[in-house]
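Have a look at the structure below, then the notes.
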Amino acid sequence: MSENASLPVVPATADAEPAPPARFDTLPLDPKLLRAVADSGYLTMTPIQAKAIPIVLEGRDVMGAAQTGTGKTAAFSIPLLQRMLKHENPSVSPARHPVRALVLAPTRELADQVADNVKKYAKHTQLRSVVVFGGVDMKPQTAALKAGVEVLIATPGRLLDHIEAKNCVLNQVEYVVLDEADRMLDIGFLPDLQRILSFLPKTRQTLLFSATFSPEIKRLAQSYLQDPILVETARPNQTASTVEQRFIAATDDDKRAIIKQILKERSISQAIVFGNSKLGVARLARSFERDGLRTAALHGDKSQDERLKSLDAFKRGEVDLLVATDVAARGLDISNLPAVFNFDVPFNAEDYVHRIGRTGRAGASGLAVTLVTKSDARLVADIEKLIKRKIDLDAFELENTERPRFERRPRDESFERSERYERPDRPVRTTSPALRTPAPSADPFFNKPYEASARDEPPAWEKAKAAAPIKGLSSYIKPKRQVAALFGAKKPTAPAEG
DNA sequence: AAAAAAC
């Protein structure tokens, strides 16, 4: 609570609150925008839209937090366009091509997606938008910028390039949006971000949106906002309640077999598999491909062309699995994605929320499976603390089948892989110990009984929350102790790490 | 422990 002390807060509504959803056409929006919204098939607003849009229209700075997949992009782009329409045809000379609104996103694919949305809502207006990001030719971007553009959507690095090349002028920017704001404000992005903000007028409207805001980032963010309003819907740092979350105790050798078995057992047509490293993702993708699954990889060591191809192939359903790093964790809107697997537990608990938020979007159901090894205890505890939910580890019984000998699939030239990951084939184990059903062991980690029923009950902290505001998590969950119990006591024989 | 974002 303390981090919000100075912020006026629009109270979060409870999930069960039976307020009738408000329609977009009750908003004081220009008919051109209402028409575009209607064209998109939207009739009623999501909670974050209903709360944030009127406040953005008032011209206030906003910090907006809402679950993944609940329409944050529309929540800022529609009212922003409305504000800009007040002087749709600026009297400023087009030769000076002043950018009036700037939207920053942490990945190229997300910037592209946000730009698509902005274009969609602005299509009946005169307002022009363009997206700029790295990995592609600068020339077409430069040409578009020089022709004049009112809304600029960008990733930080390429935008700085354009600024230095004097391809755009940002000293007349009236509106700034940080999408995935907590990521944009983290240590990796902050220097570039500050640099960019230094080119902007101090007087402007600033909007920060994300599904996750840590207390530290909330505090930091306030130094970039003027007299802001915090707009939160219920359960910040949560994904949609329609996502079934499972945590499965695994060994590194079991992980691929577990994923394949779950895909089969639950007849999952498509899934994203997240890994923590580019190299690991590249290898994992090749492994699934060898097993006959149609697989595409998405990570930062691929060319932008390959990245685009992978994502498009996945969106079009031409591949079953998208194996990706956290480049795909945030914001990407893939409709009706049934499942997400965390092959590796993410290093940041926030990224867990974003990763599994790729499924269960817009009210759809989804499955999120996280494979947990012994060394992940700390990370799981972090996730437990963030999502304020008790995490139970499921034991998983692999089918006692021998790994089928697979045929090498012919190389698909349309998915040329980067050569740096080519490795000689490892010898195939015909009786992989990893594929045997684990024998009962004395290790409590693997003897956790399979409990399917209890997990979906509202956790105790949720009930307590209704009665009193949460002061600290410690009274509701004991992550460290609980995970310690799950993973067993530390081996007394283990040598101390230096 | 990593990834992302510029050339």
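Sequence lines set the chain letters: A, B, ... in the order given, protein chains first and strands last, and positions in each chain run from 1.
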query: Contact class for Gly188(A) vs. all strands (heavy atom < 4.0 Å): base, sugar-phosphate, or nothing?
result: base
- prompt: Does any residue of residues 177-186 of chain A have a heavy atom under 4.0 Å from DNA chain B, and if so, which ones, in number order?
  reply: none
query: Nearest to the side chain of Arg108(A) - dA4(B), dA2(B), dA5(B)?
result: dA5(B)
Quiz: residues 129-140 of chain A side-chain donor-acceptor pairs under 3.5 angstrom, not counting sequence neighbours:
| from | atom 1 | to | atom 2 | distance (Å) |
| --- | --- | --- | --- | --- |
| Asp137(A) | OD1 | Lys139(A) | N | 3.2 |

query: Partners of Lys123(A) by salt bridge (charged side-chain N to carboxylate O under 4.0 Å, His left out), sequence neighbours excluded?
result: Asp39(A)
- prompt: Whole Å only: how far is the CG atom of Asn342(A) from the C1' atom of dA3(B)?
  reply: 15 Å
- request: Quick one: label Arg307(A) by what it contacts on the DNA or RNA (base, sugar-phosphate, nothing), any heavy atom closer than 4.0 Å.
  value: sugar-phosphate
statement: Residue pairs passing the ring-ring contact (aromatic ring centres under 6.0 Å, His included) test with at least one member in residues 330-349 of chain A, sequence neighbours excluded, are none
query: Is a donor-acceptor pair below 3.5 Å formed from side chain Asn348(A) to base dA2(B), judging by atom type as modelled?
result: yes
message: From CZ of Phe189(A) over to P of dA2(B), roughly how many Å is that when rounded to an integer?
response: 17 Å
field: Atom-to-atom span, NZ of Lys278(A) to C1' of dA1(B) - whole angstrom
entry: 14 Å
field: Shortest side-chain distance from His299(A), nucleotide among dA2(B), dA5(B), dA4(B)
entry: dA4(B)
field: Of all pairs that satisfy salt bridge (Lys or Arg N to Asp or Glu O under 4.0 Å), the ones with a partner from residues 334-362 of chain A, not counting sequence neighbours
entry: Arg183(A)-Asp351(A), Lys255(A)-Asp344(A), Asp326(A)-Arg355(A), Arg330(A)-Asp351(A), Asp333(A)-Arg361(A)
query: Rounded to whole angstroms, how far apart are CG on Leu332(A) and P on dA4(B)?
result: 12 Å
- request: Write down the distance between CG (Leu298(A)) and P (dA2(B)), rounded to a whole number of angstrom.
  value: 19 Å
N-O pairing of Asp392(A) and Lys390(A) below 4.0 Å: yes
- request: Could you tell me which residues satisfy side chain to side chain contact (heavy atoms under 4.5 Å, CB included) with Thr325(A), sequence neighbours excluded, listed by chain and number?
  value: Lys278(A), Val281(A), His299(A), Val327(A)
task: Look at Thr155(A) and dA4(B) and indicate whether a side-chain polar atom (N or O) is within less than 4.0 Å of OP1 or OP2.
output: no
query: Is the distance from OP1 or OP2 of dA3(B) to the nearest side-chain N or O of Thr107(A) less than 4.0 Å?
result: no
message: Any salt bridge linking Lys166(A) with Glu164(A)? Criterion: basic side-chain nitrogen under 4.0 Å from a carboxylate oxygen.
response: no
